[in-house]
Amino acid sequence: MMSVDDDAPDAQSVIADVIRAIPRGCVASYGEIAARAGLPGRARLVGKVLRDARAGARLPWHRVLRADGRIAFEPRTAPFREQQRRLAAEGVVVVKGRVDLARHGWQRDLDAELWAPPPF
DNA sequence: CAGGTGACCTCTG
DNA sequence: GCAGAGGCCACCT
């Protein structure tokens, strides 16, 4: 007997899947992730998923940034430096706690595929 | 039940 | 660049 819930996986697991889909070397914002999970406006829920994420969750949490490309943690804190370190390890440039989204943004990557920009 | 909080976002000035 | 307001909603007091 099917129920409608079979087609309504809980939001948090969908969000987790989206985060796992962020390519290495790319970053995505909370709002972007929520939107891609079919949950526009639910950026805060993405934050909760990451907060609840456990070590064994295997989520690339370091690839999630704020909408302006800044790391969500307070500068100079341990988590902040850890995220910055992990990003650098993937070749993502972090300057003053900020990433150039035009260079490493996931959405930008999609645009690159669809638009097939000419070499400059 | 009401109020505050939070790994957030967008708009306005 | 910064500040305020409104939106979002799960979770805790």
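Proteins get letters first, then strands, A, B, ... in listed order; numbering begins at 1 in each.
When each of A:His104, A:Arg24, A:Arg86 is paired with A:Arg63, the side chain to side chain contact (heavy atoms under 4.5 Å, CB included) condition holds for A:Arg24 and for no other.
Between the CD1 atom of A:Ile71 and the C1' atom of B:dC8 there is a distance of 16 Å, given to the nearest Å. Taking atom CZ of residue A:Arg44 and atom P of nucleotide B:dG4, one finds them 15 Å apart after rounding to whole Å. Distance A:Leu39 CG to C:dA10 P: 11 Å, rounded to the nearest Å. Protein atom OH of A:Tyr30 is 23 Å distant from nucleotide atom P of C:dG7, rounded to whole Å. Computed from coordinates, the A:Arg63 CZ to B:dA7 P distance equals 22 Å when rounded to whole Å. Note: CZ (A:Arg36) to P (B:dC8) measures 21 Å, nearest angstrom. Rounding to whole angstrom units, CZ of residue A:Arg70 and P of C:dC2 are separated by 8 Å. The interatomic distance linking A:Ile15 (CD1) with B:dC8 (C1') rounds to 12 Å, in whole Å.
Distances from the side chain of A:Arg42 to the nucleotides C:dA10, B:dA7, B:dC9 place C:dA10 closest. The nucleotide whose nearest atom lies closest to any side-chain atom of A:Ala43 is, among C:dG1, C:dA10, B:dC9, B:dC9. In the set C:dA10, B:dA7, B:dC9, B:dA7 carries the atom at the smallest distance from any side-chain atom of A:Trp61. Between B:dA7, C:dC11, B:dC8, one nucleotide has an atom nearer to the side chain of A:Phe73 than all others, and that is B:dA7.
For A:Lys48 and C:dC9, the shortest distance from a side-chain N or O to OP1 or OP2 is not below 4.0 Å.
Residue-to-nucleotide proximity on DNA chain C shows that, of A:Pro40 and A:Asp52, the 5′-proximal contact is made by A:Pro40.
In this structure, a donor-acceptor pair under 3.5 Å is present between the side chains of A:His62 and A:Glu90.
Residue-environment remark: CZ (A:Arg58) stays at or below the threshold of 12 foreign heavy atoms within 6.0 Å.
Rounded to whole Å, the C1' atom of C:dA3 lies 22 Å from the corresponding atom of B:dA7.
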Are A:Glu82 and A:Trp61 close enough, and set up right, to give a side-chain contact (heavy atoms from CB on, under 4.5 Å), and what steps lead you there? CA-CA 11 Å; A:Glu82 172 66 6; A:Trp61 57 272; 3.7 Å; yes
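Looking at A:Val46 and A:Val18, their side chains never come closer than 4.5 Å, going by heavy atoms from C-beta outward.
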